[in-house]
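The structure appears right after this line, and notes come after that.
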Amino acid sequence: MIAPRMARKSPPLLLAWLAAPIVAGLVAGRPAPAAERRPSILVILPDQWRGQDLGVMGNPDVRTPHADRLASEGLLFRHTFANTPVCCPARAILLTGKYPHKNGMMANDLRLRDEETTLAEILSRQGYRTGFIGKWHLDGGKRQPGFIPPGPRRQGFAYWAANECDHRHFRPTYFRDTPEPIVDNRYEPEVWVDRAIEFLHQGGDEPFFLVVSMGPPHDPYGAPEAFRKLYDPDKLTMRPNWEPGVDGGGRPQIAHYYAAISAVDDQVGRLIKALDDSGRGRDTIVMLTSDHGDMLGSQGERLKRKPWEESIRVPGIVRYPAGIKPGRVTDAFLSHVDMAPTLLALCGIAAPGDMQGADLSGVVLGREGAASPDSVFFQLFVPYASDHVPHPWRGVRTEHFMYARSEDGPWVLYNIKADPYERSNMAHVPGSAHLLHEMEVKLADWMRKTGDAWTFNTSVPVDDKGRLYRYETFTTIQEYLDWAAKHPGLAPVD
């Protein structure tokens with residue numbers, strides 16, 4: 001577990017399940033009902049939604065009334081981060097509470113190993129009804145057609161309406177328990193929320209764990225016309241570190257990105273209304289987050305995998321009426337690796353000993369003196385040269401500073417407090433030697449505590465050119481490298 005700022009104060013584990021509803025009711029300022037249900041969990045996981053792009057986070061242009069309302073009814077984590085800011089590793093971290101070098105998902109399009117224990121499997125054993133809807137992206141191999149059969153490859157999820165990875169946002173294709181595809185010609189988030197409402201209606205009084213994984217606002221950027229009309233590219237307020245001329249990061253793309261966010265937000269509102277109308281809203285922990293952000297021209301870059309704030313920061317909103325006093329905001333650090341142990345603790349369930357994240361349930365419930373990490377650890381194990389990620393890197397983010405380096409040496413160092421848009425890189429400034437040393441020590445400590453090492457990296461750009469999903473399914477990078485050595489005519493060459 002991550003060393004906290006101060007010792008946690010929490011009830012003994014044997015009493016946690018009994019105490020949780022009572023504590024929650026007291027924190028919320030009202031007595032708990034005599035027959036309080038165990039908390040259910042709804043995770044809403046849009047793809048590639050950067051944390052800065054919410055009304056409640058201060059974006060003056062983007063319209064997110066439903067997410068903003070969700071924050072006003074619960075808790076806003078202003079500093080929520082993706083430990084590995086790319087799809088598959090991020091999703092695996094969130095479900096296992098372990099870093100990629102421990103759960104094996106060190107690159108996009110690997111398969112999460114069956115022997116990994118996920119949040120869904122833990123909750124299923126505790127009597128929870130589990131469901132997954134939308135983009136899965138944990139099965140590896142060919143992305144299309146995208147059928148994952150019932151069984152261990154679904155990692156503990158019983159209800160299923162999903163595909164492996166398909167970014168045709170206006171023609172989503174998904175599967176239930178047979179390989180016959182189901183095609184819908186509506187905007188993807190509408191389809192997923194329909195299935196989520198179906199899941200809610202099918203349940204009884206038992207607690208549930210549901211993940212709704214929406215494809216937008218991931219590129220290709222777009223949304224229904226009603227939402228596109230909300231944004232005039234020429235009237236957008238550009239971030240101070242935005243640079244024109246970036247392919248995929250111009251004003252038109254950002255306008256379409258914002259339109260997709262608003263369209264997703266509209267469906268978030270529909271889903272929360274259905275949850276509340278079902279009578280399960282009070283006892284359901286709703287978490288709205290994303291797998292990573294999007295540069296969109298900031299720093300002259302696009303997409304993800306990078307150590308800058310636009311890539312690593314994601315939304316972090318938690319609503320739980322039975323336990324959270326509404327309208328709270330915290331500057332405590334929350335990252336993907338913390339989400340599984342935190343959700344388990346809120347349900348009164350002890351996290352497995354090999355989970356590496358911090359339990360932030362005390363922060364969520366507003367306990368006085370609740371601990372949180374004093375920094376966040378970042379990892380990227382493979383280069384992505386075609387998108388300006390020339391080398392694997394590691395990073396650490398503190399309250400004041402962001403530092404990232406490759407094995408060969410420092411890459412970026414920013415004073416986040418004085419330079420929030422990261423326009424002055426101090427990594428190679430002679431006067432920064434003392435600060436650089438401090439951040440090196442902190443990063444080395446994170447690597448030691450988590451069992452990370454530079455030897456986990458590869459210089460082969462396995463994420464490029466579909467290497468990991470063109471032909472076979474691999475669970476490790478080494479499996480791919482061994483296959484490529486035997487198939488030199490098939491393996492792409494840069």
For this session: Verify the ring-centre separation between Phe227 and Tyr258: is it less than 6.0 angstrom?
Result: no
For this session: Please step through side-chain hydrogen bond (donor to acceptor under 3.5 Å, both in side chains) for the pair Asp463 and Asn108, ending with a clear verdict.
Result: CA-CA 6 Å; Asp463 276 0; Asn108 240 12; 5.1 Å; no
Exercise. Donor-acceptor pair, Arg394 side chain versus Gln379 backbone, under 3.5 Å?
Worked result: no
For this session: Run the ring-centre check on Tyr128 versus Phe208 and record whether the distance is less than 6.0 Å.
Result: no
Exercise. Any sub-3.5 Å donor-acceptor pair from Thr130's side-chain atoms to Gly156's backbone N or O?
Worked result: yes
For this session: Please answer whether the main-chain N or O of Gly297 pairs with a side-chain N or O of Glu243 as donor and acceptor at a distance below 3.5 Å.
Result: no
Exercise. Between the side chains of Trp136 and Ser213, is a donor N or O closer than 3.5 angstrom to an acceptor N or O?
Worked result: no
Exercise. Counting only N and O atoms by type, is there a donor-acceptor contact under 3.5 Å from the side chain of Ser432 to the main-chain atoms of Leu435?
Worked result: no
For this session: May I ask you to decide whether Arg239 forms a salt bridge with Glu310, counting only side-chain N to carboxylate O separations under 4.0 Å?
Result: yes
For this session: Before accepting this row, confirm whether a basic side-chain N of the pair Asp194/Arg186 lies closer than 4.0 Å to the acidic partner's carboxylate O.
Result: yes
Exercise. Salt-bridged, Asp277 to Lys273, with N to O below 4.0 Å?
Worked result: yes
For this session: Take Lys98 and Glu116 through the salt bridge (charged side-chain N to carboxylate O under 4.0 Å, His left out) test and state the conclusion after the steps.
Result: CA-CA 10 Å; Lys98 295 158 64 174; Glu116 289 301 317; 2.7 Å; yes
Exercise. Is the side chain of Arg328 donor-acceptor paired with the backbone N or O of Val364 at a distance under 3.5 Å, no angle test?
Worked result: yes
Exercise. Under 6.0 Å from the six-membered ring centre of Phe199 and within 45° of its axis: does the NZ or CZ of Arg129 meet both?
Worked result: yes
Problem set entry | Side-chain donor/acceptor of Ser40 to backbone N/O of Pro207, under 3.5 Å | no
Exercise. Is the Trp49 to His218 ring centre distance short of 6.0 Å?
Worked result: no
Problem set entry | Tyr403-Tyr414 aromatic ring centre distance below 6.0 Å | no
Problem set entry | Exercise: do Lys102 and Gln356 side chains pair donor with acceptor under 3.5 Å | no
Exercise. Do we see a donor-acceptor contact under 3.5 Å between the side chains of Asn163 and Thr173?
Worked result: no
Exercise. Do Asp247 and Gln253 have side-chain N/O donor and acceptor atoms under 3.5 Å apart?
Worked result: no
Exercise. Ignoring hydrogens and geometry, is there a side-chain-to-backbone donor-acceptor pair from Thr118 to Thr96 under 3.5 Å?
Worked result: no
For this session: Check whether the ring centres of Phe132 and Tyr159 lie less than 6.0 Å apart, and answer yes or no.
Result: no
Exercise. With distance as the sole criterion, is a donor-acceptor pair present between the side chains of Thr450 and Asp452 under 3.5 Å?
Worked result: no
Exercise. Are there more than 12 heavy atoms of other residues, nucleotides or ligands under 6.0 Å from atom CZ of Arg69?
Worked result: no
Exercise. Salt bridge between Asp47 and Lys135, side-chain N to carboxylate O under 4.0 Å?
Worked result: yes
For this session: Cation-pi check, Lys306 to Trp308: give yes when NZ or CZ is under 6.0 Å from the six-membered ring centre and within 45° of the ring axis, no otherwise.
Result: no
